Amino acid sequence: MKKTLIAISAVCLTLASCAPMKHAVHVEMRHPSRSGVDLAGKDISVVYLETDNTVANTFSEGMADGFAYTLEQDYGTGEGSVGIYRMRMSENGNYASRDSLFNILMDTGADVVFLFDTVRLGTIVIGGATRVASPSSQDSSYVSRATMPYTMKLFCFDAMDQKEEVKAFGGTSVARPDIYSDGKRTSGELMKTAMKNIDADGWNAGVLVADSFKSQWKHEQYSIVYYETEKWYDALVKAEQYDWKGAMEIWLGLLDTGDLMKRACAEFNISVACYMLGDYHLASEWLDRSDEDNKLPISDAMRKRIDQRMR
């Protein structure tokens with residue numbers, strides 16, 4: 001969640017002077033990726049298959065590295081937090097099956113496993129050499145653009161998804177490595193150099209694939225209920241600063257009251273805090289308690305958001 005704007009609108013829920021007030025918080029909320037896979041708060045592992053084709057293996061390794069790096073950057077888990085593993089391809093292996101992916105996931109100890117099937121590389125074509133305007137050396141005074149089509153498949157299994165299904169993704173694109181030379185090397189020599197350095201294009205492919213699994217951010221507004229007293233204001237300030245745990249501690253302390261409306265407001269706010277912290281089941285439980293004490297007009301809207309997340 002990213003803080004973009006705090007707008008306070010004090011709107012009376014009733015006309016009584018001691019009535020609760022409503023505070024609007026505008027936030028950017030993280031939503032599942034375009035692929036439909038939700039990776040927030042989950043341990044992720046990436047596995048790529050190897051064969052006897054060393055060029056394809058080099059490309060796959062680079063692709064897995066670029067893919068993992070991009071997910072680490074998006075989900076803020078830190079460099080190296082996404083485990084990368086290589087596995088020898090078995091001729092009889094069914095890597096699209098739930099059992100295969102589940103066993104691999106258990107071996108890695110992650111919540112979600114991505115498996116890159118062996119990449120299929122097409123024929124590489126070397127373009128003509130073009131003189132570089134400002135070469136760093138004589139050996140790099142010319143550049144040739146190579147093109148090589150490739151086809152990749154990616155399988156995903158999320159152990160925390162109640163459906164427990166394997167999701168398959170795939171596509172075809174073209175790698176375009178640049179080869180620098182002195183302009184005198186043969187096409188065969190340039191091709192060997194391109195194949196030797198194909199991991200960089202694999203990395204670019206991994207970054208491209210990972211884009212479909214990056215979070216989507218949406219601007220949303222949430223309500224916090226408060227009374228014009230010091231403790232309620234203190235909790236409101238913490239909520240403004242996105243210190244949801246700190247705000248929740250204050251609201252928990254306000255539950256010891258015989259005023260059902262005040263208790264319902266505190267319970268509603270705790271539900272919002274749990275939602276913001278990603279505990280949607282607990283958010284639902286606190287909203288249930290709030291509804292039982294004194295259902296607020298804004299309860300149904302919050303219930304809908306919680307249910308959508310839990311689905």
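Predicted, not measured: the structure shown is a model, and the values here were computed from it.
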Exercise for the section: Assess whether side-chain contact (heavy atoms from CB on, under 4.5 Å) is satisfied between Arg309 and Ile306, documenting all intermediate values. Expected result: CA-CA 5 Å; Arg309 289 286 189 169; Ile306 295 172; 5.8 Å; no

Starting at [atom1] of [X], measure out to [atom2] of [Y] and round the result to the nearest 0.5 Å.
X: Met29; Y: Gln221; atom1: CE; atom2: CD; result: 13.5 Å
X: Trp286; Y: Leu252; atom1: CH2; atom2: CG; result: 5.5 Å
X: Leu287; Y: Met302; atom1: CG; atom2: CE; result: 7.0 Å
X: Asp307; Y: Tyr280; atom1: CG; atom2: OH; result: 13.0 Å
X: Ser212; Y: Leu154; atom1: OG; atom2: CG; result: 9.5 Å
X: Asp43; Y: Asp111; atom1: CG; atom2: CG; result: 4.5 Å

Are [Y] and [X] connected into the same hydrophobic cluster when the rule is that any two of I, L, V, M, F, W, Y join if their side-chain heavy atoms are below 4.5 Å apart?
X: Met106; Y: Leu115; result: yes
X: Phe116; Y: Phe157; result: no
X: Val37; Y: Met63; result: yes
X: Val207; Y: Val209; result: no
X: Val166; Y: Met87; result: yes

Heavy-atom count around [X] [atom1] within 6.0 Å, excluding the residue itself: above 12?
X: Met310; atom1: CE; value: yes
X: Gln216; atom1: CD; value: yes
X: Glu230; atom1: CD; value: no
X: Lys153; atom1: NZ; value: no
X: Arg86; atom1: CZ; value: no

Quick one, [X] and [Y] - any side-chain contact, counting heavy atoms below 4.5 Å?
X: Lys167; Y: Ser35; value: no
X: Tyr227; Y: Met261; value: yes
X: Arg289; Y: Ile270; value: no
X: Trp251; Y: Cys265; value: no
X: Asn294; Y: Arg263; value: no
X: Val112; Y: Met160; value: no
X: Thr58; Y: Glu61; value: no
X: Asp211; Y: Arg34; value: yes

Exercise for the section: Starting from the C-alpha separation in whole Å, work towards a yes-or-no answer on side-chain contact (heavy atoms from CB on, under 4.5 Å) for Glu228 and Tyr233. Expected result: CA-CA 7 Å; Glu228 293 180 316; Tyr233 275 128; 3.5 Å; yes

Completion exercise
The side-chain contact (heavy atoms from CB on, under 4.5 Å) partner of Pro177 among Ile126, Thr147, Asp201 is Asp201

Contact summary for [X] and [Y], nearest pair of heavy atoms:
X: Ala146; Y: Ile179; result: CB-CD1, 3.7 Å
X: Asn269; Y: Val225; result: ND2-O, 2.6 Å
X: Ser141; Y: Asp182; result: OG-CA, 3.9 Å
X: Gly246; Y: Lys238; result: C-CD, 3.5 Å
X: Ala110; Y: Leu105; result: O-CD2, 3.2 Å
X: Ala283; Y: Tyr275; result: CB-N, 3.7 Å

Handout entry: Derivation of the side-chain contact (heavy atoms from CB on, under 4.5 Å) call for Tyr75 and Lys42
Key = CA-CA 9 Å; Tyr75 291 96; Lys42 298 177 183 178; over 6 Å; no

Practice task
For the residue pair Thr193 and Arg185, confirm or rule out a side-chain donor-acceptor distance under 3.5 Å.
Solution key: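 Result is yes, a qualifying pair exists.
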
Practice task
Answer yes if the ring centres of Tyr180 and Tyr142 are under 6.0 angstrom apart, and no otherwise.
Solution key: no

Handout entry: Main-chain N/O of Asn94 paired to Ser100 side chain as donor or acceptor, under 3.5 Å
Key =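 Pair found, side chain donor or acceptor close to backbone of Asn94.
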
Problem - Donor-acceptor pair, side chain of Glu72 and main chain of Gly80, under 3.5 angstrom - result: yes

Exercise for the section: Begin from the C-alpha positions of Phe67 and Ile84 and carry the test side-chain contact (heavy atoms from CB on, under 4.5 Å) through to its verdict. Expected result: CA-CA 10 Å; Phe67 183 84; Ile84 303 176; over 6 Å; no

Any salt bridge between [X] and [Y], counting N to O under 4.0 Å?
X: Asp74; Y: Lys214; result: no
X: Lys262; Y: Asp256; result: no
X: Asp158; Y: Lys163; result: no
X: Arg88; Y: Asp52; result: yes

Measure the acute angle between the ring planes of [X] and [Y], then classify it against the limits of 30° and 60° as parallel, tilted or perpendicular.
X: His26; Y: His219; value: parallel
X: Phe213; Y: Phe114; value: perpendicular
X: Tyr226; Y: His23; value: perpendicular

Practice task
With ring pair (Phe, Tyr, Trp, His ring centres under 6.0 Å) as the test, would you mind laying out the steps for Phe59 and Tyr150 before giving the verdict?
Solution key: CA-CA 10 Å; Phe59 188 93; Tyr150 65 87; 4.9 Å; yes

